[in-house]
Number of protein chains: 2
Amino acid sequence: MLESIQSINKSRKDIIVEEAATLIMEKGYVATTMRDLAGRVGIEAASLYNHIKSKEQILGEICFSLANKFTTEMAIIEVSNETSIEKIKKLIKLHVNVNTESASLASVMNDEWRHLSEPELSSFLALRESYENKFLIILNEGIINHEFRAMDSKITLYSMLSSIRWLQHWYTNEREMSIENIQENLIKLLLQGITI
Amino acid sequence: MLESIQSINKSRKDIIVEEAATLIMEKGYVATTMRDLAGRVGIEAASLYNHIKSKEQILGEICFSLANKFTTEMAIIEVSNETSIEKIKKLIKLHVNVNTESASLASVMNDEWRHLSEPELSSFLALRESYENKFLIILNEGIINHEFRAMDSKITLYSMLSSIRWLQHWYTNEREMSIENIQENLIKLLLQGITI
DNA sequence: CCTACCGATCGGTAGG
DNA sequence: CCTACCGATCGGTAGG
C-alpha cells in the first residue's frame, strides 16, 4: 500500500533533481549553489545530503537519464524498415519533443556536461559519440539511396541537432505554438529549406 | 614612436581579454577564476587589476565588442539594394566567419551573457533584440517577395542562428575544411534543405 | 531534517 | 607587478 503510493508520488529525491534541473537551466551548474537548491525545495542545504550524495551526482543523473533516452529511441529507429527520410523525420520529432517537454533536462545535458568528472565524463561522451555516429549513418544511407542530395553529412548532422536546440530556451517562455506545429515547421525547414 | 609601437603590438589588456575568452570558452565564466587567467598570462592574480577593473568587465567587453560587430554588419546589409536571398546569404556568411575566426568570443557572448549584471545586461539584450528584429524583417520581406515560401519566420530565424552556432566548438578542433566550403554547405542546407 | 561548523577557494584590496 | 591578506561563500560533514 505504502509502496504503491510512493511509486505514484514523486520521491523527495525526484523533486530535488527536478528543481536542480530548473535552477541549473536558469543560472548554470557552477553558479547554482546547494543553498539555492535547498531553498527551492524548502529545506536546509545540509538536508539535501540525506537524498543525494553530491552536487555532481545530480548533474550526472540528469545527463545520463536523457542520454539513455536518446540511445533507446535511436535503437528503435535504427532497426526499423523505413526510408531514410522517415527516419530523419522521426529523429527531428524526437528532438523537438525532448527540447520542449523536458526543456530543463535537455538544457542541462547540452550545456553542462563538461562539468562531469571522470569516469562519468568519458561514459557520457561515449554515449554521445555513438548516438551521433548512428545519426550520421542514416544521413549517409539517404545520400546513397538518392533520398538526400550529396552533402557533407557531418555539417548537416551538427546543424540539424543544433538548430533544434534553441527550443530549450524559447519554448519555456513562448508556448502559443503546438509541438506538432513546431515539428512540421522544422521538418520542412531542414528537409526543404526556405526557398520556394 | 613609442605610441606607434604600442598601437601595433597588443597591449597587456588585449592579451588578458583574449586569454580570458579562450579560458571562458573552455571552462565557462563562473568556473574560470582570476587565478586561472593570471596563470595563462604569466602574472599573479592581483596584478590583473592593474589592467582591468573586474572579472565582469572582461565579460562585458567580450560581449559588447562582438554585439557591436553584428550590429554594424547588419546595418550595412539592411540598407543594401539586394534580394532577400542575397541578404540572407550574406548573414549566413557573417555568422560562419564570426563563429570560426572568433570562436572564443562568439562562444562567450552566446553562452555567458546571462552573467552580466545591470545595466549591461539590459543593454546587451536590447542590442540582441534589435539585431533579431532586423533579421526577421529580411525573412518576412522575402516571404512577401515570394523569394521564400510561407513559413513561421521566427522559427526559421532561431533555427538558422542556432544551426551555425555549433561551429564555435567544432571548428576549434577540426579545421580541415575551408571557411568558404563551410559557408557553401550551410547556405545550401538552409536555403534548399537536404532532400533532392 | 536541523544546528553548527569546517577547510578551501573565490574576487578583490592595501601597500609597496 | 608582487606579497600579504580580507570577508564572503562554497560543497560538504558531524552529531543529534
Spacing between B:Leu48 atom CG and C:dG11 atom P, to the nearest angstrom: 10 Å

Spacing between B:Lys13 atom NZ and D:dC1 atom C1', to the nearest angstrom: 18 Å

C:dG11 P sits how many Å from B:Tyr49 OH, rounded? 6 Å

Separation of C:dT13 atom P from B:Lys55 atom NZ, nearest Å, is 15 Å

What nucleotide, of D:dA14, C:dT13, C:dC1, holds the atom closest to the side chain of B:Ala46? C:dT13

Atom CE of A:Met34 and atom P of D:dG12 are separated, to the nearest Å, by 6 Å

Could you walk me through whether B:His95 and B:Tyr131 pass the ring pair (Phe, Tyr, Trp, His ring centres under 6.0 Å) check? CA-CA 13 Å; B:His95 281 258; B:Tyr131 181 84; 5.8 Å; yes

Quick note, A:Ile43 side chain, CB onward, closest among C:dG11, D:dC1, C:dC2 is C:dC2

To the nearest angstrom, how far is B:Lys53 atom NZ from C:dG12 atom P? 10 Å

Keeping B:Ser162 on the side-chain end and A:Ser162 on the backbone end, is there a donor-acceptor pair under 3.5 Å? yes

Checking contacts here: which listed nucleotide (D:dC1, D:dT3, C:dC2) is nearest the side-chain heavy atoms of A:Asn50? C:dC2

Between C1' on C:dT13 and CD on B:Glu44, what's the gap in Å once rounded to a whole number? 15 Å

To the nearest Å, how far apart are A:Ile58 CD1 and D:dC10 C1'? 15 Å

Watson-Crick or G-U wobble partner of D:dG15, both distances under 3.5 Å: C:dC2

If you measure from NZ on B:Lys55 to CG on B:Leu37, what distance do you get to the nearest 0.5 Å? 9.5 Å

Ring of A:Phe135, cation from A:Lys87 - is the NZ or CZ under 6.0 Å from the centre and inside 45° of the axis? no

A:Arg35, nearest nucleotide to its side chain (from C:dG11, D:dC2, D:dG12): D:dG12

